[in-house]
There are 2 protein chains.
Amino acid sequence: MTHFSPLPMADAPRERSDAARNRDAVMCAAARLVTELGVDAVTMDRVAAEACVGKGTVFRRFGSRAGLMAAVLNGAETEFQERVISGPPPLGPGAGTAERLLAFGPARLRQNLLHGALLEAAASIHGRSHAAYSFNLLHVRHLLAELEVGGDLPLLAAALLSPLEVPVLRSQVEVQHLPVERLEAAWVDLARRVAGL
Amino acid sequence: MTHFSPLPMADAPRERSDAARNRDAVMCAAARLVTELGVDAVTMDRVAAEACVGKGTVFRRFGSRAGLMAAVLNGAETEFQERVISGPPPLGPGAGTAERLLAFGPARLRQNLLHGALLEAAASIHGRSHAAYSFNLLHVRHLLAELEVGGDLPLLAAALLSPLEVPVLRSQVEVQHLPVERLEAAWVDLARRVAGL
DNA sequence: CGTTCAAACGGACCACAGTCCGTTTTCATT
DNA sequence: AATGAAAACGGACTGTGGTCCGTTTGAACG
């Protein structure tokens, strides 16, 4: 649970101490409840009660349930991004571009499966939780560009990302009972075709 | 608004007359309210009131809000399926397989954009509303097979369908402001790469 | 310190999906 | 018709996300 940076912006109206205290309390409570009870059992009232805080405070801070879940997810998502940006190959730099691309899909796939419920709960904020999603988009797009793939790169990247969306994955794993390894292999195949490898 | 077939099953316990009457009333009310007020403004209480029926009745009949929306959507979705199965080329039979595949994406894309809100409302039933989704999956898979595309066909088909999912589309159109024509072109390009055309 | 006021607080309140269960209706059988 | 049981009915009730607004608190300034 990393303290959010008190990074001083231009004309920072400095966060009030009670606000900071409450925000931490809420985040802690939320994270604890999520791991203890599972995402679906975590209600806003419960979080508020657990944090010894009024419900209004939770909402002012995080805007909505989706916002709160996004905040809880933040840690894992940041860690993933760091693995991509500066972690060891083949996901991180140091491997060839094609190799990195083919490693990205399965990694993201497992990440999405692992945090499926949380991602879903955080997604409804307005469709896709923008920050995290656009990072993935940018990364794939960048790799495609380096591979000198022709075509509409932003949309090609989106096409590679969309089969990794949680609802798609969940349906394949939980309803159709396809093994994860097969999904990974299929994604790699897809990426090869799209990138012309 | 087609009457649902009173098709006689094995040991059909015949639908009661009041049940049939109420079901029609609810469907009518729901459809009317959806077109009049938009999906989001249609509440179950409203539908019940409009149909002069208790709320419990609506839920017994349709299970959930998602179920009701799926029923409302049914007409449009059936029509789409008929266009694919027996409509004019290039979507329907009579055109070459490749041509049909390349026509399917844009058609489905426009369908998803047109009924976006309804599809979303109907989807939360458990992720994807099974009947409609698996039709699309089967169709694409079938076309790929006829094109003698190698690989994991079920998953390749899913990969072609997933960029057409409503949330993806909505984000591209409403947030990124990409024109629909560009999305269509990108999908055609994607399909060409995947099918090796 | 005391004053001031914007910011933060908190819980009553609202709308909506979904459940429950006592009451009513239908219809097959007599 | 009368009867009885299964099916359907309906609306009060519950749980949850989200809002509102009168009250409290923090900290900047005198």
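Chain naming here is simple, since letters A, B, ... match the order of the sequence lines and numbering starts at 1 in each.
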Could you go over nucleotides 11-15 of chain C and give all protein N or O partners under 3.5 Å, atom names and distances?
unit_1: C:dG11; atom_1: O6; unit_2: A:Gly56; atom_2: N; d: 3.4

Check your understanding: Reading nucleotides 22-30 of chain D 5' to 3', which nucleotides get B (base under 4.0 Å from a protein heavy atom), which S (sugar-phosphate only), which -?
Key -> ---BSS---
Where at least one partner belongs to [range], residue pairs that pass salt bridge (charged side-chain N to carboxylate O under 4.0 Å, His left out), sequence neighbours excluded:
range                       : answer
residues 147-162 of chain A : A:Asp152-B:Arg182
residues 41-58 of chain B   : B:Arg32-B:Glu50, B:Asp45-B:Lys55
residues 72-99 of chain A   : A:Glu77-A:Arg108
residues 183-197 of chain B : B:Arg110-B:Glu184, B:Asp189-B:Arg193

**Study point:** Proximal nucleotide (of D:dC9, C:dA8, C:dT19) relative to the B:Arg60 side chain
**Key:**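 So the side chain of B:Arg60 is nearest to D:dC9.
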Atom pair distance, as rounded to whole Å: [atom1] in [X] and [atom2] in [N]:
X       : N      : atom1 : atom2 : value
B:Met44 : C:dT19 : CE    : P     : 10 Å
B:Leu68 : C:dG18 : CG    : P     : 10 Å
B:Arg61 : D:dG10 : CZ    : P     : 11 Å
B:Leu33 : C:dC16 : CG    : C1'   : 15 Å
A:Phe62 : D:dG17 : CZ    : C1'   : 16 Å
B:Met69 : C:dC16 : CE    : C1'   : 12 Å

Practice item. Show your reasoning for whether salt bridge (charged side-chain N to carboxylate O under 4.0 Å, His left out) applies to A:Glu146 and A:Arg100. Key: CA-CA 11 Å; A:Glu146 273 204 353; A:Arg100 287 189 76 189; over 6 Å; no
**Study point:** Any residue meeting side chain to side chain donor-acceptor pair (under 3.5 Å) with B:Arg21, in chain and number order, not counting sequence neighbours
**Key:**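 None.
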Point to revise | Which residues share a side chain to side chain donor-acceptor pair (under 3.5 Å) with A:Ser17, sequence neighbours left out | key: none
Point to revise | First of B:Val42 and A:Asn22 reached from the 5' end of DNA chain C, by closest nucleotide | key: A:Asn22
**Study point:** For A:Ala107, all residues meeting side chain to side chain contact (heavy atoms under 4.5 Å, CB included), sequence neighbours excluded
**Key:** A:Phe80, A:Leu91
